[in-house]
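Letters A, B, ... mirror the listed sequences (proteins, then strands); counts begin at 1. What you see below is based on every heavy atom in this structure, not just the backbone, and it leaves out hydrogens, waters and symmetry mates.
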2 protein chains.
Amino acid sequence: MATISDVAARAGVSTATVSRALNGKSTVDPELAARVLLAAEELGYHPNGLARNLRRQETAVLALIISDVENPFFTAIARGVEDLAQVSGYSVVLCNSDENEDKERRYIDVALQERVAGVVLSPTGRSTNVEHLRRQGTPVVAVDRPLNGPDGDQVLVDTRRAARDAARHLADGGYRRIGCLSGPAGVRTADDRLDGFRDAVGEDTTLFRRTEYRAEGARLAALDLLDLPEPPDALLVANSTMTIGVLQALTGRHLRPGRDVGIVSFDDAPWATLIDPPLTVVAQPAYDIGRVAAQLLLARIADGTRAPTTTTLEARLIERQSSRR
Amino acid sequence: MATISDVAARAGVSTATVSRALNGKSTVDPELAARVLLAAEELGYHPNGLARNLRRQETAVLALIISDVENPFFTAIARGVEDLAQVSGYSVVLCNSDENEDKERRYIDVALQERVAGVVLSPTGRSTNVEHLRRQGTPVVAVDRPLNGPDGDQVLVDTRRAARDAARHLADGGYRRIGCLSGPAGVRTADDRLDGFRDAVGEDTTLFRRTEYRAEGARLAALDLLDLPEPPDALLVANSTMTIGVLQALTGRHLRPGRDVGIVSFDDAPWATLIDPPLTVVAQPAYDIGRVAAQLLLARIADGTRAPTTTTLEARLIERQSSRR
DNA sequence: GTGAAAGCGCTAACAT
DNA sequence: ATGTTAGCGCTTTCAC
């Protein structure tokens, strides 16, 4: 692989000049610059980013560590981050922590070691530790879930309120035994959604289950609820992946969404309008979350002294047929 | 940020010893090693991966460049790659080329500049150029779509045959005017699926449309086909994202899948069984594609002289109700 | 405007 | 077993 000195030799100049010419820095004699460009071309020269970054102590890549690549909510965030980063000349690499604290730690380490310019992170758990990053001066912004511990930028959704509104919507629709399926304890969105649900139906309810944010767990939990002596007549489900499991459970019991069991699900999945009846959902502004997060990150990379902010976006209830009898 | 010399100073040894101790290399006096570890701990030392990689001329990260993060087919591949890479101690970063040749080129460049150990790539188009990577010695394996030009490992699906079988399945079901919605010309899977369709229904058909691999384009194209004087009574759709658009089109026309218009879709999306009637699909072994690709990549990283291979996996038709009257 | 030279943080010969 | 030293490929003062 050709190096900068190969180019310098071929162009008959110093490596400094090559560097300047290639980076469009300061003033380089046009004729020399042309010679350099030609030499680089002929040699098939590609700058070594490692060396450059080592020297410059900075990289034009952002890391985005998300907790589930297979969840459309997170991929929409990814798109938002990417679209914004792109126009500022940053590349973004995605890391899938898979709701697994070990993997998350590994990727935080990779981000640290590769000295990325900044990281956007949806923290997996309570114990997510970004101190290493912070201490090194790598800005990090949390999305979807707050980072406990010292401050930093975050962009969240008022998910407790959204859950409360969704549960009330079900109650207004005439459902009387409303249940809830939420994610794992300790995951903030899951806790919040459950709290919001309780705000609406009363603290004393036992009509809820908590599982992983996955289809299979939700299917089992739904079945469990449905087998109760007094089963729920409506369900608030904490994400669209879980809803897949819930819908399977309903089908297995020959229960129809809406008429038999009212359903409201978080996240407006692409297939939400395809099922029968169409699914009432709490739509989260995932793409915007990503954009805002990227914006904050870039701002903080430019100026590390900005005061930490937390942005809270609103979710929006989209009423369709699954919450009507 | 603490460097290796800070640690060395604090532990009262040379940087070489620190390096050896931290990497578990050769024999280091246990007592010294302990001092080093302690010093590193106290300083909050994190090795600089850039410097290490620059020196070692290698990285333990793989790049996976996929053409659409929002497509479950590709995220399943991602999972396969990641699961396998993980056990060998490699991290994988995802890059979303978004079916866009410019973005793809950028990410190939990033991979090159960051000197990743290898790349798995689903080439966006005909003109995807991995020569730079190859020349530099970075192994690349292509998934889903072949790389034209010089050889390398690839893992593909026999998609033409799968399309042919799917179309025949529709014909066997009594549908007589079978149409096809495929992806953009030049994208190999799209070409192959169309060819397979033609193998089954005859070369002379004009009952097909090509659009982007996206929902909206497919919706329009489906409408276009449906508005024909002699519209199709069945449709083979080239991916699940497009099928969302097709299903919307059908609903808009008050046409029912199966009874009115038979549907077979590529990719077994999680929601395929949730709609009514359940969707007949061509299931591709996406996760396995990822695993095999990662395996090949790792093998090639270990031994660059292996002969190039191409692995072809089979897709599987899952008959459900959308292809029955 | 251009070159010489130092140095980013680390690892790997080579000495000892 | 440990230290000394060179150097990975690049950018950037500092002279000229």
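- A salt bridge links B/Asp68 and A/Arg79; the closest N-O separation between the charged side-chain nitrogens and carboxylate oxygens is under 4.0 Å.
- For the side-chain contact (heavy atoms from CB on, under 4.5 Å) with B/His46, the qualifying choice from A/Gln113, A/Gln136, A/Arg135, A/His132 is A/His132, the only one to do so.
- Nearest heavy atom pair, residue B/Leu50 against residue A/Leu54, reads CD1-N, 4.0 Å.
- Across all non-hydrogen atoms, the minimal contact from B/Cys95 to A/Val93 is SG-CG1, 4.3 Å.
- Within a heavy-atom distance below 4.0 Å of DNA chain D, the residues of residues 40-59 of chain A found are A/Tyr45, A/Pro47, A/Asn48, A/Ala51, A/Arg52, A/Arg55, A/Arg56.
- The two atoms that bring A/Arg145 and A/Ser67 nearest to each other are NH2-OG, 3.5 Å, heavy atoms only.
- Between C/dG9, C/dT2, D/dG3, one nucleotide has an atom nearer to the side chain of A/Asp29 than all others, and that is C/dT2.
- Here the shortest heavy-atom pairing between B/Ser88 and B/Leu298 reads OG-CD2, 3.5 Å.
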Result block: side-chain N/O donor-acceptor pairs under 3.5 angstrom for residues 2-13 of chain A, not counting sequence neighbours:
residue	atom	partner	partner atom	Å
A/Thr3	OG1	A/Ser5	N	3.2
A/Thr3	OG1	A/Ser5	OG	3.2
A/Asp6	OD2	A/Thr3	N	2.8
A/Arg10	NE	A/Glu42	OE1	2.6
A/Arg10	NH2	A/Glu42	OE1	2.9

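- In plain terms, the two heavy atoms of B/Leu94 and B/Ile66 that are nearest each other are CD2-CD1, 3.8 Å.
- Distance B/Asp6 CG to C/dC8 C1': 13 Å, rounded to the nearest Å.
- A salt bridge is defined here as a Lys NZ or Arg NE, NH1 or NH2 lying under 4.0 Å from an Asp or Glu carboxylate O, and A/Glu31 with A/Arg35 meets this definition.
- A salt bridge links A/Asp153 with A/Arg300: at least one charged nitrogen is closer than 4.0 Å to a carboxylate oxygen.
- Comparing the local axis fitted to the first five base pairs of the helix from C/dG1-D/dC16 to C/dT16-D/dA1 with the one fitted to its last five gives a bend of 40°, rounded to 10°.
- With respect to B/Arg105 and B/Asp102, a salt bridge is recorded, a charged nitrogen being found less than 4.0 Å from a carboxylate O.
- Residues forming a side chain to side chain contact (heavy atoms under 4.5 Å, CB included) with B/Glu41 (at least two apart in sequence, or on another chain): none.
- Taken residue by residue, residues 106-119 of chain B places no heavy atom nearer than 4.0 Å to DNA chain D.
- Remark: A/Ser14 is not in phosphate contact with C/dT2, judged by side-chain N or O atoms under 4.0 Å from OP1 or OP2.
- Atom CG in B/Leu22 sits about 16 Å away from atom P in C/dG9, given to the nearest Å.
- Spacing between atom CD1 of B/Ile4 and atom C1' of D/dT4 amounts to 14 Å, rounded to whole angstrom units.
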Using a cut-off of under 3.5 Å, enumerate the N/O to N/O pairs linking the protein to nucleotides 14-16 of chain D.
none

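- What separates CD of A/Gln136 from P of C/dG9 is a distance of 10 Å, to the nearest Å.
- Here the closest heavy-atom approach between residue A/Leu62 and residue A/Ala85 is recorded as CD2-CB, 3.8 Å.
- Contact annotation: A/Ser19 side-chain N/O to D/dT11 OP1/OP2 distance is under 4.0 Å.
- Remark on DNA chain D: of its neighbouring residues B/Ala16 and A/Thr15, the 5'-side contact belongs to B/Ala16, judged by nearest-heavy-atom nucleotide.
- Electrostatic pairing of A/Arg306 and A/Asp151 does not count as a salt bridge here, judged by no charged N lying under 4.0 Å from a carboxylate O.
- Rounding to whole angstrom units, CG of residue B/Asn23 and P of C/dG9 are separated by 17 Å.
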